[in-house]
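Read the structure below first, then the notes.
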Amino acid sequence: KGTNISGVITDHNQQQLASFRSQHNGMGSFYLNVQVNESYTAKVTLPGGAIKEYALPAIRPSGTVLQVKNAMESDSVEVFTAASNDLVKSDANYFLIGQARGIVCYAAIIDFHDVNYIRRKIAKRLFPSSITHFILMTAKGRPLNERLTYIDHGDDLHIGITPVTTTYF
């Protein structure tokens, strides 16, 4: 039972850095350019006007990012991965896995050598209509980032029943 919300993100000086508004039933996204050693707070305006504040997690100086864009009119899902400079210099490889209904439908090696940012277009036809789970993981299989999206091929299940008789006792 999602609800539509709006709000702002502030820094430790209460200066507004971003605003957000849910697109549908409380879901949506926004961009925030974060800085190490800064603290952030989300001030959420709920239906009816009540405002609640939530401290956002501390910013880590090292890490990875995974973003999935699933435009309904597109035949592909866009997957963006990024890594901090120290991880790029480490020459480590990562795996990007896309799975639906418990089956791996897409797998790729992500090599950040000399680049911080990688963009992949992945055909939706590789996945069945269902929730698709993307995972960026280390070469040892430790998940770092996860994102969910719904892929819809418009192939809804249609069931028809034809009785063998018109009357049952």
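Numbers for residues simply follow the sequence, beginning at 1. All values below were derived from every heavy atom in this structure, side-chain atoms included, with hydrogens, water molecules and symmetry-related copies excluded.
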Do [X] side-chain atoms and [Y] backbone N/O form a donor-acceptor pair below 3.5 Å?
| X | Y | result |
| --- | --- | --- |
| S129 | H153 | yes |
| S22 | H24 | no |
| N116 | A83 | yes |
| T138 | R142 | yes |

* K43/T10 under side chain to side chain contact (heavy atoms under 4.5 Å, CB included): CA gap, chis, key distance, verdict -> CA-CA 8 Å; K43 295 181 180 180; T10 60; 3.9 Å; yes
* **Pairs satisfying ring pair (Phe, Tyr, Trp, His ring centres under 6.0 Å), at least one member in residues 68-92, at least two apart** =>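 The answer is F80-Y117.
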* Asked: Restricting to pairs with a member in residues 36-77, which pass ring pair (Phe, Tyr, Trp, His ring centres under 6.0 Å), not counting sequence neighbours?
  ->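 Sorted pair list comes back empty.
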* Asked: Has N13 got more than 12 heavy atoms of other residues, nucleotides or ligands less than 6.0 Å from its CG?
  ->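 Result for CG/N13: enclosed.
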Non-hydrogen atoms of [X] and [Y] that approach each other most closely:
| X | Y | value |
| --- | --- | --- |
| S84 | P61 | CB-O, 4.0 Å |
| S76 | A123 | OG-CA, 4.1 Å |
| H133 | E146 | NE2-OE1, 2.6 Å |
| P143 | I135 | CB-CG2, 3.9 Å |
| L32 | A18 | CD1-CB, 4.2 Å |

* **Intermediate values then yes/no, side chain to side chain contact (heavy atoms under 4.5 Å, CB included), L46 and K52** => CA-CA 8 Å; L46 302 170; K52 290 198 174 187; 4.0 Å; yes
* Quickly, which of V8, D11, I9 forms a side-chain contact (heavy atoms from CB on, under 4.5 Å) with Q16? Name it, please. =>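 Answer to the side-chain contact (heavy atoms from CB on, under 4.5 Å) test with Q16 among V8, D11, I9: V8.
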* To do: Please lay out, stage by stage, how V77 and V68 fare under the test side chain to side chain contact (heavy atoms under 4.5 Å, CB included).
  => CA-CA 7 Å; V77 175; V68 176; 3.4 Å; yes
Are [X] and [Y] in one and the same hydrophobic cluster, where Ile, Leu, Val, Met, Phe, Trp and Tyr link if side-chain heavy atoms are under 4.5 Å apart?
| X | Y | value |
| --- | --- | --- |
| V34 | L144 | no |
| F112 | M137 | no |
| F30 | V44 | yes |
| V115 | V88 | yes |
| L96 | V104 | no |

If you link ILVMFWY side chains whenever their heavy atoms are less than 4.5 Å apart, which other residues fall into the same cluster as [X]? By chain and number, please.
| X | result |
| --- | --- |
| M27 | none |
| Y31 | none |
| I131 | L148, Y150 |

* Nearest 0.5 Å please: distance from the CD1 atom of I5 over to the CZ atom of F20. =>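 It is 5.0 Å, given to the nearest 0.5 Å.
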Who passes side chain to side chain contact (heavy atoms under 4.5 Å, CB included) against [X], sequence neighbours left out?
| X | value |
| --- | --- |
| N145 | T64, L66, L136 |
| R120 | Y106, A108, I110, I118, I122 |
| S90 | A92 |
| S39 | H12 |

* Which of these, D152, D75, N70, T132, sits in a side chain to side chain donor-acceptor pair (under 3.5 Å) with K124? ->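 With K124 as partner, side chain to side chain donor-acceptor pair (under 3.5 Å) holds for just one option, N70.
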* **Qualifying residues under salt bridge (Lys or Arg N to Asp or Glu O under 4.0 Å), relative to E78, sequence neighbours excluded** =>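 Checked E78 against salt bridge (Lys or Arg N to Asp or Glu O under 4.0 Å); matches are R119.
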* Asked: Quick one: salt bridge (charged side-chain N to carboxylate O under 4.0 Å, His left out) pairs with a partner in residues 80-106, sequence neighbours left out?
  ->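 Of all non-adjacent pairs touching residues 80-106, none passes salt bridge (charged side-chain N to carboxylate O under 4.0 Å, His left out).
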* **Counterpart residues, ring-ring contact (aromatic ring centres under 6.0 Å, His included), relative to F134 (two or more places apart)** =>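 With neighbours one apart ignored, the set is F127.
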